[in-house]
Amino acid sequence: MAWVLLIVAGLLEVGWSIGMKFTEGFTRLWPSVFTGLGIVASMMLLSQAAKTLPIGTAYGVWVGIGAAGAAVVGMMVLGEPATAARIFFVVLLLVAVVGLKATSGH
């Protein structure tokens, strides 16, 4: 169950990190509210997952999902450059996330 919570927390991190772009420096009310709720929910789920998973693994996977997800959404939805180098490093992030899970002992 901890892994499910961690994956959902990572997906929420993708949502709130992309949401920050739409807050315009937290000057727009509803994007700021939704982004803030996403941050809180993501952190709460991360903390629940970290009760049973090693913190280095939990945090690393959470950050990896968030960073890779934000980069992919940025490229696919927000028109950010999708160069071969960026795609390579997103894949490298995902390999690191899988490696952390595989070596966590859980």
Side-chain angles (χ1 to χ4, degrees):
M1 185 62 170
W3 284 106
V4 172
L5 294 176
L6 187 58
I7 290 168
V8 173
L11 294 174
L12 283 168
E13 187 186 7
V14 174
W16 68 254
S17 63
I18 295 298
M20 281 196 300
K21 184 165 184 73
F22 297 99
T23 69
E24 295 180 13
F26 291 97
T27 60
R28 296 182 61 214
L29 177 63
W30 291 112
S32 298
V33 168
F34 291 127
T35 298
L37 290 172
I39 291 168
V40 170
S42 181
M43 294 269 179
M44 288 177 66
L45 291 174
L46 171 62
S47 71
Q48 289 299 309
K51 286 181 179 180
T52 57
L53 298 174
I55 190 61
T57 300
Y59 184 72
V61 169
W62 180 72
V63 168
I65 292 171
V72 169
V73 170
M75 287 184 276
M76 294 181 71
V77 178
L78 301 176
E80 295 176 1
T83 64
R86 289 189 84 201
I87 293 167
F88 170 76
F89 287 113
V90 167
V91 170
L92 201 57
L93 265 171
L94 295 174
V95 168
V97 167
V98 170
L100 282 171
K101 182 187 183 316
T103 60
S104 73
H106 285 83

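Since we're looking at a predicted model, the values are computed, not measured.
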Seminar exercise, completed: For Ser104 and Pro54 the tightest heavy-atom approach is O-CG, 4.0 Å
For this session: Check Gly60 against Val97 and note the closest heavy-atom contact, atom names and distance.
Result: O-CG2, 4.3 Å
For this session: Heavy atoms only: give me the nearest Ala49-Ala2 pair and the separation to one decimal.
Result: CB-O, 3.5 Å
For this session: Measure across Gly38 and Leu12 and return the closest heavy-atom pair with its distance rounded to 0.1 Å.
Result: O-CB, 4.3 Å
For this session: Could you state whether Tyr59 and Leu5 fall into the same hydrophobic cluster, counting links through intermediate Ile, Leu, Val, Met, Phe, Trp or Tyr residues with side-chain heavy atoms under 4.5 angstrom apart?
Result: no
Exercise. Going only through I, L, V, M, F, W and Y residues with side-chain contacts under 4.5 Å, is there a path from Ile87 to Val90?
Worked result: yes
For this session: Would you give the length of the straight line joining atom CE of Met1 to atom CG of Leu6, rounded to the nearest 0.5 angstrom?
Result: 12.0 Å
For this session: Identify whether Met43 and Leu11 are in the same connected component of the hydrophobic contact network (ILVMFWY, side-chain heavy atoms under 4.5 Å).
Result: yes
For this session: Kindly say whether Ile39 contributes a backbone atom to a donor-acceptor pair with the side chain of Ser42 at under 3.5 angstrom?
Result: no
Exercise. Does some side-chain heavy atom of Leu53 sit less than 4.5 Å from a side-chain heavy atom of Trp3?
Worked result: yes
Problem set entry | From NZ (Lys101) to CD1 (Ile7), nearest 0.5 Å | 7.5 Å
For this session: Indicate if Ile65 and Leu46 have the same hydrophobic cluster label, given that clusters are the connected sets of ILVMFWY residues with side-chain heavy-atom separations under 4.5 angstrom.
Result: yes
For this session: Locate the shortest heavy-atom distance separating Leu93 from Ala68; write the atom from each residue and the value.
Result: CD1-N, 3.9 Å
For this session: Looking only at non-hydrogen atoms, find the nearest pair between Phe26 and Met20 and report the distance.
Result: CZ-CG, 4.1 Å
Exercise. About how many Å separate OG1 of Thr57 and CH2 of Trp62, when rounded to the nearest 0.5 Å?
Worked result: 15.0 Å
For this session: For Thr35 and Ser32, indicate whether the former's side chain and the latter's backbone hold a donor-acceptor pair under 3.5 Å.
Result: no
Exercise. Is it the case that one hydrophobic cluster holds both Val63 and Leu100, taking links as side-chain heavy atoms less than 4.5 Å apart, direct or via other members?
Worked result: yes
